[in-house]
Q: 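What follows is a structure written as structure tokens; I'll ask about it next.
A quick note: this is a predicted structure, and the numbers were derived from the prediction, not measured. Computation of the quantities below employed the complete heavy-atom set of this structure, encompassing side-chain atoms and omitting hydrogens, waters and symmetry-equivalent molecules.
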Amino acid sequence: METRSLADYENIQKFLELLDYHEMKAEKEQLQFIIDYVDTTEKHLDEVLNELKNVREELNTIHNKSIKDTALKAVNTITDKVNQAKQTIIKFKDHVKSTVDKALHECKTKGKETLTGAMISLNVKGFLQHMKNHFDDIVQTSDQLIDKLTKLGDEIHNVNHHFTNLGRLLLGKTEKQLEPRNHDAGIISKVQYHLFKRMDNMTEMSLLTDRFIKDIEKREQVYENKQKTSVKQSLSELKKDASSKDKKLKVKNKEHQLSH
């Protein structure tokens with residue numbers, strides 16, 4: 001099923017136009033960024049899920065139950081975690097749509113204030129942090145599963161070597177030395193390869209998301225500093241105004257005293 005892009009949602013386009021009309025450039029850029037991030041990430045996760053589905057189908061053809069069950073469990077575990085990340089994307093898309101719908105309705109009476117409130121309500125930084133947590137979890141779990149599959153592969157290799165030598169002894173042949181396992185061959189290695197790919201993909205997504213979070217934090221800091229500066233300027237102007245009025249009052253009182 002093809003997922004619908006946020007950019008195709010009519011009310012989001014109207015909302016972007018309103019941000020542009022009210023000259024809310026930073027807010028418009030942030031919303032355009034999150035639309036692109038959501039759509040790109042959702043598409044990427046769908047591609048990952050499709051690859052994992054193909055691996056799972058291939059594993060179902062294996063006759064060795066021990067290898068099959070262990071490998072399937074590893075693939076299913078990662079599939080579940082990727083699905084969790086996708087569900088977070090879907091929920092956020094619904095949140096964006098409902099927030100925009102509400103803002104467009106209230107904007108008729110409350111104006112620009114509604115647009116500002118809607119952008120705060122989206123909580124873009126919180127969403128990005130949630131996605132980063134998903135990516136980091138997938139990376140960590142993949143690493144653990146790869147290690148588990150490596151141990152299983154080594155055990156199977158040792159067992160096969162043992163039975164090979166047992167057969168040679170029964171035939172009166174000499175034992176063969178244990179050769180290093182070929183980590184690039186076999187179904188276990190293939191599953192590990194796909195898990196390594198997931199680790200690389202999700203590490204990249206995590207780093208990218210973290211960069212976006214830091215960018216938002218920098219913008220927040222700049223805005224906060226501007227607000228502090230604005231408040232200081234206002235207080236300074238109030239003090240100057242009060243001082244000026246006080247001086248005028250003193251001069252007026254002095255003139256009044258001299259006239260009498």
Q: Any chance NZ of K68 has more than 12 other-residue heavy atoms, nucleotides or ligands included, within less than 6.0 Å?
A: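 Yes - once you tally the heavy atoms of other residues, nucleotides and ligands closer than 6.0 Å, there are more than 12.
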Q: Do F33 and L122 belong to the same hydrophobic cluster, where Ile, Leu, Val, Met, Phe, Trp and Tyr are linked whenever their side-chain heavy atoms lie under 4.5 Å apart, directly or via other members?
A: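 Hydrophobic grouping puts F33 with L122.
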Q: When rounded to the nearest 0.5 angstrom, what distance separates CG in L16 from CG in N11?
A: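 Rounded to the nearest 0.5 Å, the CG-CG separation comes out at 11.0 Å.
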Q: Can a donor-acceptor pair be found, under 3.5 Å and without considering hydrogens, that links the side chain of T61 to the backbone of E58?
A: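 Judged by distance alone, yes, a pair lies under 3.5 Å.
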Q: Please report the shortest heavy-atom distance between I35 and A7, naming the atom on each side.
A: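 Minimum heavy-atom contact is CG2-N, 3.7 Å.
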Q: Nearest heavy-atom pair of V191 and A71: which atoms, and what distance?
A: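 Of all heavy-atom pairs spanning V191 and A71, the closest is CG2-CB, 4.0 Å.
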Q: What's the separation between atom CD1 in I34 and atom CG in D39, rounded to the nearest 0.5 Å?
A: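 The distance works out to 10.0 Å.
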Q: Would you say CD of E113 has more than 12 non-hydrogen atoms from neighbouring residues, nucleotides or ligands within 6.0 angstrom?
A: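 No, the 6.0 Å shell around CD holds no more than 12 heavy atoms from other groups.
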Q: Looking at OG of S98 and NZ of K93, how far apart are the two atoms once the value is rounded to the nearest 0.5 Å?
A: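 It is 13.5 Å, given to the nearest 0.5 Å.
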Q: Salt bridge (charged side-chain N to carboxylate O under 4.0 Å, His left out) for D210 and K214? Distances and angles first, verdict last.
A: CA-CA 6 Å; D210 188 55; K214 285 182 169 56; 2.8 Å; yes
Q: Verify the cluster assignment for I120 and L31: are they in a single hydrophobic cluster under the rule of side-chain heavy atoms below 4.5 Å apart?
A: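 Per the 4.5 Å side-chain linkage, I120 and L31 are not co-clustered.
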Q: For a quick test of your reading: what N or O donor-acceptor pairs under 3.5 Å do the side chains of residues 127-143 make, sequence neighbours left out?
A:
from, atom 1, to, atom 2, distance (Å)
Q129, NE2, N133, OD1, 3.2
K132, NZ, D136, OD2, 2.7
N133, ND2, Q129, O, 3.3
H134, NE2, T88, OG1, 2.7
D136, OD1, S206, OG, 2.5
D137, OD2, K81, NZ, 2.9
T141, OG1, D137, O, 2.8
S142, OG, I138, O, 2.8

Q: Around atom NE2 of H105, are there more than 12 heavy atoms from other residues, nucleotides or ligands closer than 6.0 Å?
A: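 No.
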Q: Within a radius of less than 6.0 Å around CD of Q144, do more than 12 heavy atoms belonging to other residues, nucleotides or ligands occur?
A: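 Counting neighbours around CD of Q144, more than 12 heavy atoms of other residues, nucleotides or ligands fall under 6.0 Å, so yes.
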Q: Step by step, would you call E57 with N54 a side-chain contact (heavy atoms from CB on, under 4.5 Å)?
A: CA-CA 5 Å; E57 288 175 352; N54 293 336; 4.1 Å; yes
Q: Which atoms form the tightest heavy-atom contact between L52 and V75, and what is the distance?
A: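 Nearest heavy atoms, L52 then V75: O-CG1, 3.8 Å.
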Q: Applying the 4.5 Å side-chain criterion to the ILVMFWY set and letting contacts propagate, would V100 and I90 be lumped into a single cluster?
A: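 Looking at the clustering, I90 is in a separate group from V100.
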Q: Would you give the length of the straight line joining atom NZ of K97 to atom CD1 of I12, rounded to the nearest 0.5 angstrom?
A: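 These two atoms lie 7.0 Å from each other.
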Q: Say you draw a straight line from NZ of K112 to OG1 of T114; how long is it, rounded to the nearest 0.5 Å?
A: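 So the NZ of K112 and the OG1 of T114 are separated by 12.0 Å.
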Q: How would you list all residue pairs meeting side-chain hydrogen bond (donor to acceptor under 3.5 Å, both in side chains) that involve residues 27-38, not counting sequence neighbours?
A: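 Of all non-adjacent pairs touching residues 27-38, those that pass side-chain hydrogen bond (donor to acceptor under 3.5 Å, both in side chains) are Y37-T209.
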Q: Does the pair L145 and K73 meet the rule for a side-chain contact (heavy atoms from CB on, under 4.5 Å), with working shown?
A: CA-CA 9 Å; L145 291 172; K73 186 176 180 181; over 6 Å; no
Q: List the steps, then state whether side-chain contact (heavy atoms from CB on, under 4.5 Å) holds for N60 with L72.
A: CA-CA 8 Å; N60 281 321; L72 272 175; 3.6 Å; yes
Q: Which heavy atom in R198 sits nearest to a heavy atom in N201, and how many Å separate them?
A: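 Nearest heavy atoms, R198 then N201: NH2-OD1, 2.7 Å.
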Q: Is the closest basic N to carboxylate O distance between D215 and R211 below 4.0 Å?
A: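 A salt bridge is absent here (no side-chain N lies under 4.0 Å from a carboxylate O).
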Q: If we only count heavy atoms from C-beta on, is the K197 to E51 side-chain gap below 4.5 Å?
A: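 Sidechains of E51 and K197: in contact.
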Q: What is the minimum heavy-atom distance between A118 and T99, and which atoms define it?
A: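 Reported closest heavy-atom pair: O-CG2, 3.6 Å.
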Q: Let me confirm one number: the CG-CZ distance from N123 to F92, rounded to the nearest 0.5 Å.
A: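 Rounded to the nearest 0.5 Å, the CG-CZ separation comes to 7.5 Å.
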Q: Taking the side chain as every heavy atom from C-beta outward, state whether L45 and M202 have any pair of such atoms under 4.5 Å apart.
A: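 Yes - at least one pair of side-chain heavy atoms lies under 4.5 Å apart.
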Q: Does any part of the side chain of V96, heavy atoms only, come nearer than 4.5 Å to the side chain of V38, both counted from C-beta?
A: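 Not touching, per the 4.5 Å side-chain cut-off.
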Q: Can you list the steps and then say if S5 with E42 is a side-chain contact (heavy atoms from CB on, under 4.5 Å)?
A: CA-CA 9 Å; S5 167; E42 185 175 20; over 6 Å; no
